[in-house]
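Report on the structure given below.
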Amino acid sequence: MEKLSSASALIEKCRPERPVRGLRPHAAGRAARWFLENFPGDVAYAYKANSSVFLIGALYGAGIRHFDVASLPEIEDAATIPDAHLHFMHPVKSRHAIRRAYDMGVRSFSLDSEDELRKIMECTGNAKDLILWVRLAVSAINSRIPLEHKFGIYGQPAADLLVKARQVALELGVTFHVGSQTGTPDAYSTALGDVHRLIVQSGVMIDRLDIGGGFPSRYPDSDPAPLQDFMKVIIAGIEQLPVKDNIKLACEPGRALVAEAESLIVRVDARRGNNLYINDGSYGMLFDAAHLGFIFPTKLLGRDVDPSEPLVPFELWGPTCDSIDHMKGPFLLPASIAEGDYFEIGNMGAYARAIAGRFNGYGEYDEVILLDPPMLSMYGADATELPAARSR
Ligand SMILES: *Cc1c(COP(=O)(O)O)cnc(C)c1O
């Protein structure tokens, strides 16, 4: 695949008809190295966040060997990665998926009900070599996408499930997910407090603890606490647990490993006031911008702008005929932006590509590798202060 110094270099070279995905594998590698150096356990990449081979390759190159997978197609994909340890962490699985996963060598499964425990045991022929993870429902604190209403068990039923799972598991773990894009570390300390109470209540010894994903990335309207602060709080919480010395730890970052590693490069096909009609939208890579109100950093490409020209807020409209194909933003771009201009939408590595569909005949992309730093970063020398553009 073509490598370019930046998205600007791409637009200076050609005027692409399709939207372009600009991958920055180096940014995924840097994020992975940070987690491997700073988290005292297995770092399992949440495969669903982005399964581009270029990003998986960069994560692997940095040393990631564990993968959190949630479906058979993901398992079949990830099973081709050498030395990969796959963890089937979806608490509700079909019988067929459990059987196939076990046949393919998966031994690590999560569950949040006695029904699911029974299903796992039946479909693996009462296997004696399972790592079973009980998924707790924990409160989402400062999360953009809470998950506790869909998955997880708590209170006495959780303690009872832990006792039952202990009887059949080779290794027993507890897992939770504080919700995606969690901005402050207290979500993890609260969750670890819940784990503490559950261990005491059940009287069961656990072998493993998986603190899930949820680690934040940087967006123009969201300047989360440094990841170092998250790690401090997490390690302190784990040290309080009545199991601390011999427990094996894991985490499952998705967003934090890949958000910075992909940009989208789009063209303006029409401008109406402060509305830009562009060649990708909510049915493509901009689902989260349309439906969850995410704001991404934006940068005009391909022509010089007078530095004194103000940045003004724009709303974006996607290419399909549907009126919900609308990204309210605000997205800040130079006041002179016009039809035919291109701009980069950054930090879209998490979930955007994974969700994109083909409604109305759109959803085809060109793809290039970009060598410059991501537009906003949580890591290393790029972890600079945000501009004061907090427009909401
Ligand atoms: C989606 C998911 C993750 C990754 O979440 P992020 O918020 O992207 O870090 C981790 N674990 C499980 C079980 C998930 O469903």
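Each residue takes its place number in the sequence, starting with 1. Note that the coordinates shown come from a computational prediction; the quantities given were computed from them, not determined experimentally. Each ligand, and each atom within it, is numbered from 1 in the order the structure gives.
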Check ligand 1 against [X] and write out every atom of the ligand that is under 4.0 Å from a heavy-atom position of the residue.
{"X": "G214", "answer": "5 (O), 6 (P), 7 (O), 9 (O)"}
{"X": "Y351", "answer": "1 (C), 4 (C), 5 (O), 6 (P), 8 (O)"}
{"X": "G254", "answer": "4 (C), 6 (P), 8 (O), 9 (O)"}
{"X": "R255", "answer": "6 (P), 8 (O), 9 (O)"}

Give yes or no for whether the N/O distance cutoff of 3.5 Å, strictly under, is met between [X] and ligand 1.
{"X": "M89", "value": "no"}
{"X": "H177", "value": "yes"}
{"X": "A49", "value": "no"}
{"X": "D68", "value": "yes"}

| Could a heavy atom of F151 be found less than 4.0 Å from some atom of ligand 1? | no

| task | Examine ligand 1 and decide if any of its atoms is less than 4.0 Å from a heavy atom belonging to A350. | result |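 For ligand 1, residue contact (heavy atoms, under 4.0 Å) with A350 is absent.
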
Between [X] and [Y], which heavy-atom pair has the shortest distance, and what is it?
{"X": "P319", "Y": "G281", "answer": "CD-N, 3.6 Å"}
{"X": "L86", "Y": "S108", "answer": "O-CB, 3.9 Å"}
{"X": "T182", "Y": "A187", "answer": "CG2-CB, 3.6 Å"}
{"X": "M121", "Y": "A127", "answer": "CE-O, 3.6 Å"}
{"X": "A49", "Y": "A354", "answer": "O-CB, 4.1 Å"}

| said: Could you check whether H87 and F109 have their ring centres less than 6.0 Å apart? | reply: no

| Y219 ring center within less than 6.0 Å of F296 ring center |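 Centroid distance F296-Y219: below 6.0 Å, so yes.
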
For [atom], what is the closest protein heavy atom, and at what distance to 0.1 Å?
{"atom": "atom 4 (C) of ligand 1", "result": "A46 CB, 3.3 Å"}
{"atom": "atom 7 (O) of ligand 1", "result": "S180 OG, 2.5 Å"}
{"atom": "atom 13 (C) of ligand 1", "result": "E252 OE1, 3.4 Å"}

| query | Between R107 and Y102, is NZ or CZ placed under 6.0 angstrom from the six-membered ring centre and within 45° of the ring axis? | reply | yes

| request: With heavy atoms under 4.0 Å as the rule, classify the contact between R135 and ligand 1 as side chain, backbone, both or neither. | output: side chain

| Part of K48 with heavy atoms under 4.0 Å of ligand 1, whether side chain, backbone, both or neither | side chain

| said: As an exercise, state the distance from CZ of R21 to CD of E367, rounded to the nearest 0.5 Å. | reply: 5.5 Å

| message | A side-chain contact here means heavy atoms from C-beta on lying under 4.5 Å apart; do E339 and R267 qualify? | response | no

